[in-house]
J.: 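This structure is in structure tokens; I'll ask about it shortly.
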Amino acid sequence: MKYIQKQTSPPFFEDWKKANDVETPEKAVFKKWDILLNPVKNDLRTHLLNEQGYLCCYCNQLIEDEPLDTISQRTKIEHLYPKDKEKYPEKKFTYGNLLVACKGGEKDKPVVQHCDAKKGGEEPTPIHPLQKNCEVFFEYNVFGEINGSTPEEIKTISVLGLDIAKLNLLRKKAIDTFIEEHLTKPDEEILTELQFLTAKVDNKFNPFCIAISQFIKNNYT
């Protein structure tokens, strides 16, 4: 999991909120999320993707800027605090509550779903990507498996399905690639490469950069 530093809400979204009478949490309660249509919804998705460096807010796999109304779409706008009318309807249009996530295998069997598709309308997980220290809670092994030791860490992994075989395999491949390319270098150079790994390039972060960085630091430096 990678920390997401939220920016200020984009002016086009705030203008839309005023035009649709949802500029305050009190007004948002009485309007449905479905009133947010394209092109504003797609522009919002693009803005969120840029903010997150094109990584899923939960699993950190790469997600692309695909229109939200296409068949090939593999991203979705996620509400950290669920927008359900029984829970946090006042937060449905609050920019600080909006993230972008992968589709998480939402059409697959529940046992292999992950991220928002598995979380559904649950409360935010005990550890979530808007917490500044979220990156230090989990460890990763050579097989790409994510591990937690506290009840909060274990619950977060379980609710988001971060330990499914599909994600383990993707993380393993990313870790193996870094090892093959850099592990013959001196420690100082490896640390430099890790800094590049967790930096944006062309406005994108490297997929699974936190998992790779944590594994290398714990095992090779």
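Since this is a predicted model, take the numbers as computed values, not measurements. Any value given below was found using the heavy atoms of this structure, including those in side chains, with hydrogens, waters and symmetry copies removed.
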J.: Does the side chain of L48 come within less than 4.5 Å of E51's, by heavy atoms?
T.: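 When only atoms from C-beta onward are counted, L48 and E51 do touch, with a gap below 4.5 Å.
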J.: Not counting sequence neighbours, which residues clear side chain to side chain donor-acceptor pair (under 3.5 Å) with T8? List them please.
T.: none
J.: Quick test of your reading: applying side chain to side chain donor-acceptor pair (under 3.5 Å), list the pairs with at least one residue in residues 120-138, sequence neighbours left out, ordered by first then second residue.
T.: Y88-E123
J.: For atom NZ of K185, decide whether the heavy atoms of other residues, nucleotides or ligands shown that lie under 6.0 angstrom number more than 12.
T.: yes
J.: Who are the ring pair (Phe, Tyr, Trp, His ring centres under 6.0 Å) partners of F138, not counting sequence neighbours?
T.: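 Applying ring pair (Phe, Tyr, Trp, His ring centres under 6.0 Å) to F138 gives none.
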J.: Is it the case that over 12 heavy atoms from other parts of the model lie below 6.0 angstrom from the OH atom of Y3?
T.: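 Yes, because the 6.0 Å sphere around OH of Y3 holds more than 12 heavy atoms from other groups.
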J.: Would you call K155 and E152 a salt bridge, using N to O less than 4.0 angstrom?
T.: no
J.: Less than 3.5 Å apart, which donor and acceptor atoms pair up between the side chains of residues 202-211 and the rest of the protein, not counting sequence neighbours?
T.:
from, atom 1, to, atom 2, distance (Å)
N203, ND2, N50, OD1, 2.1
K204, NZ, E64, OE1, 3.3
N206, ND2, L197, O, 2.9

J.: Would you please name every residue forming a side chain to side chain donor-acceptor pair (under 3.5 Å) with N147, sequence neighbours left out?
T.: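 Checked N147 against side chain to side chain donor-acceptor pair (under 3.5 Å); zero matches.
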J.: How would you list, by chain and number, every residue that makes a side chain to side chain donor-acceptor pair (under 3.5 Å) with D176, sequence neighbours excluded?
T.: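 K172.
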J.: How long is the gap from NZ on K27 to OG1 on T24, to the nearest 0.5 Å?
T.: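 Going from NZ on K27 over to OG1 on T24, the span is 5.5 Å.
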J.: Kindly state whether the ring of H47 and the ring of Y95 have centres lying under 6.0 angstrom apart.
T.: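 Yes - the distance between ring centres of H47 and Y95 falls below the 6.0 Å cut-off.
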